[in-house]
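A quick write-up on the structure given underneath.
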Amino acid sequence: MQIDAAVVEQEGGAFEIESVELEEPQDNEVRVRIVGAGVCHTDLIVRDQLYPTPLPAVLGHEGSGVVESVGDAVSSVEPGDRVVLSFDYDESCPSCHAGQPAYCANFFAHNFGGERPEDGTSPLSRDGETVSGRFFGQSSFATHAIATERNVVPVEDDVPLELLGPLGCGIQTGAGAVINSLAPKTGSSIAIFGAGSVGLSAVMAADIEGCTDIISVELKDNRRELAADLGATETVDPGAVDDAVEHVRDLTDGGVDYALETTGVPEVAEQSIDSLTQRGTAGIVGAPALGTEASFDVNDLILNGRTVTGIVEGDSNPKEFIPVLVELHRQGKFPFDELVTYYDFDEIEQAVEDSENGRTIKPVLRVSEP
């Protein structure tokens with residue numbers, strides 16, 4: 001079928017809405033009419049080829065929509081179901097068997113390869129030319145997407161469907177990094193570096209988990225203000241203090257129990273580690289270019305008993321964790337809608353510009369009616 005999709009033609013190029021051909025679902029696949037799609041930092045670093053998904057490509061990996069058709073082997077969803085689309089995985093590697101699909105041994109092939117890992121084909125083409133599709137198992141910057149039964153998560157009817165797409169990646173990454181990965185003790189302290197959608201989701205999660213000191217470290221005034229509204233007990237402008245690390249340590253009488261780095265800036269990763277107290281834990285989720293390195297003082301790490309852990313997708317199993325986040329939102333405990341600004345699909349370039357300039361925290365494209 002012919003669909004409209006935002007195609008990136010070349011490194012650093014624009015998202016241009018064009019007509020492309022979408023194949024019918026294979027046996028284990030699902031065709032979804034996209035209602036909403038979040039714009040995420042990962043879409044932009046792939047556009048810029050910091051992660052090498054082949055171009056031309058249709059990106060987008062925070063989709064939500066309505067199932068229109070399913071392959072013969074699909075049994076968990078059916079046409080008419082409302083779903084959130086999340087990352088893909090193989091179900092067969094040791095990590096997947098252990099309930100940790102975010103660490104799938106074939107994560108890169110399933111999410112960045114631009115093709116079906118099983119047979120090397122893409123569901124998208126244009127005038128006979130292959131277009132990379134199945135980005136994060138979906139390519140949801142389009143009116144319709146082919147996903148798999150693995151990476152669609154059914155959701156109830158009482159939450160706005162266009163709002164839910166960001167739960168598929170950015171929001172679950174920030175919230176999961178706190179709830180699933182760091183799992184802070186009630187009454188503990190945490191510093192969250194960066195207050196974009198990932199960092200602010202982490203702030204809300206830290207409040208849910210009962211942290212009593214929640215410090216948001218962020219350069220932009222509007223984001224620090226929102227962090228305070230969402231649960232941060234202190235905010236720090238690293239450009240307005242002599243030493244952000246020492247400022248955090250002063251606020252917490254020697255350092256925080258937990259730190260989370262969300263910016264992808266190696267110097268900030270180093271700061272997050274240095275802000276820890278003895279036996280503290282730092283989680284790193286920010287994604288810089290492949291090959292980026294950061295450094296730390298080995299003895300400082302050893303003698304203080306600190307732990308540094310990498311975190312992918314908030315250590316979440318989307319089929320279990322996304323419903324938890326929906327329920328927390330329903331109860332008013334996780335108001336991630338306050339991060340969202342909506343754009344029409346044909347305003348995708350404006351949404352990207354506003355995201356890169358910091359005017360918008362989480363742009364969401366309204367692609368079709370719920």
Side-chain angles (χ1 to χ4, degrees), residues 173-286 288 292-311 314 338-339 358 361:
T173 294
V178 174
I179 295 171
N180 301 326
S181 310
L182 299 179
K185 296 178 181 178
T186 300
S188 60
S189 58
I190 185 169
I192 297 162
F193 290 78
S197 61
V198 175
L200 290 172
S201 298
V203 166
M204 290 185 282
D207 190 36
I208 290 169
E209 292 296 282
C211 293
T212 50
D213 294 290
I214 304 171
I215 302 170
S216 175
V217 183
E218 167 61 44
L219 285 166
K220 295 185 180 297
D221 294 345
N222 63 324
R223 295 187 175 196
R224 291 197 309 277
E225 291 169 4
L226 185 53
D229 291 341
L230 295 174
T233 58
E234 298 280 354
T235 63
V236 177
D237 177 357
V241 296
D242 291 334
D243 186 323
V245 170
E246 286 305 312
H247 194 73
V248 169
R249 293 177 65 84
D250 287 344
L251 288 172
T252 52
D253 193 25
V256 289
D257 300 308
Y258 305 93
L260 183 67
E261 197 291 307
T262 71
T263 70
V265 177
E267 293 81 7
V268 179
E270 295 166 4
Q271 289 177 335
S272 70
I273 298 169
D274 291 341
S275 71
L276 295 171
T277 188
Q278 288 79 12
R279 300 176 63 232
T281 299
I284 311 295
V285 302
T292 300
E293 296 183 354
S295 62
F296 56 85
D297 184 320
V298 175
N299 284 303
D300 192 47
L301 194 73
I302 294 171
L303 296 176
N304 284 293
R306 292 169 174 165
T307 299
V308 181
T309 183
I311 300 170
E338 295 193 27
L339 314 183
I361 293 171

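Positions are given from 1 along the sequence.
- When all heavy atoms of S216 and A195 are compared, the pair lying nearest together is OG-CB, 3.8 Å.
- Of all heavy-atom pairs spanning A202 and L260, the tightest one is CB-CD2, 3.5 Å.
- Pairs of residues two or more places apart, or lying in two chains, never qualify as salt bridge (Lys or Arg N to Asp or Glu O under 4.0 Å) while including a residue from residues 183-205.
- Scanning both residues, G314 and N180, for their nearest heavy atoms gives O-ND2, 3.0 Å.
- Considering all non-hydrogen atoms of both residues, A183 and Y258 come closest at O-OH, 4.0 Å.
- A 4.5 Å side-chain heavy-atom check between V265 and P288 finds every atom pair outside the cut-off.
- Summarising the local packing, CD of E293 is surrounded by 12 or fewer heavy atoms from other residues, nucleotides or ligands at distances under 6.0 Å.
- Side chain of S201 to main chain of S197: a donor-acceptor pair is present (N/O by atom type, distance under 3.5 Å, no hydrogens or angles).
- Q271 places no side-chain N or O within donor-acceptor distance of the main-chain N or O of D274, the cut-off being under 3.5 Å.
- Residues satisfying the side-chain hydrogen bond (donor to acceptor under 3.5 Å, both in side chains) test with D257, not counting sequence neighbours, are S189.
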What side-chain donor-acceptor pairs closer than 3.5 Å can you find for residues 226-234, not counting sequence neighbours?
from	atom 1	to	atom 2	distance (Å)
T233	OG1	I214	N	2.9
T233	OG1	I214	O	3.2

Would you list the atom pairs, donor with acceptor, under 3.5 Å between side chains in residues 294-303 and any protein atom, with sequence neighbours excluded?
from	atom 1	to	atom 2	distance (Å)
S295	OG	E270	OE2	3.3
D297	OD1	N299	N	3.0
D297	OD1	D300	N	3.0
D300	OD1	N304	ND2	3.0
D300	OD2	R306	NH1	2.7

Show your working on side-chain contact (heavy atoms from CB on, under 4.5 Å) between T235 and I215 and close with a plain yes or no. CA-CA 5 Å; T235 63; I215 302 170; over 6 Å; no

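- The closest side-chain heavy-atom distance from I190 to V256 is not below 4.5 Å.
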Show the atom names and distances, to 0.1 Å, of all donor-acceptor pairs under 3.5 Å that link a side chain in residues 237-244 to residues at least two apart or in another chain.
from	atom 1	to	atom 2	distance (Å)
D237	OD1	G239	N	2.9
D243	OD1	V245	N	3.0
D243	OD1	E246	N	3.1

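- Distance alone, capped at 3.5 Å, is enough to place a donor-acceptor pair between the E261 side chain and the T263 backbone.
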V236 and L251: side-chain contact (heavy atoms from CB on, under 4.5 Å), yes or no, with the steps? CA-CA 10 Å; V236 177; L251 288 172; 3.9 Å; yes

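- For the atom pair SG (C211) and CD1 (I192), the distance works out to 7.5 Å, reported to the nearest 0.5 Å.
- Among residue pairs with one or both ends in residues 204-221, those qualifying as salt bridge (Lys or Arg N to Asp or Glu O under 4.0 Å) are D221-R224; sequence neighbours excluded.
- Heavy-atom minimum distance, T212 versus G187: OG1-O, 3.0 Å.
- Residues T281 and L182 are in side-chain contact: their nearest non-hydrogen atoms beyond the backbone lie under 4.5 Å apart.
- Two residues are said to be in side-chain contact when any heavy atoms from C-beta on lie closer than 4.5 Å; I284 and I311 fail this criterion.
- Scanning all heavy atoms of the two residues, the minimum distance from V285 to A177 falls at CG1-CB, 4.1 Å.
- Within the 4.5 Å cutoff, the side chain of F193 has heavy atoms near those of the S275 side chain.
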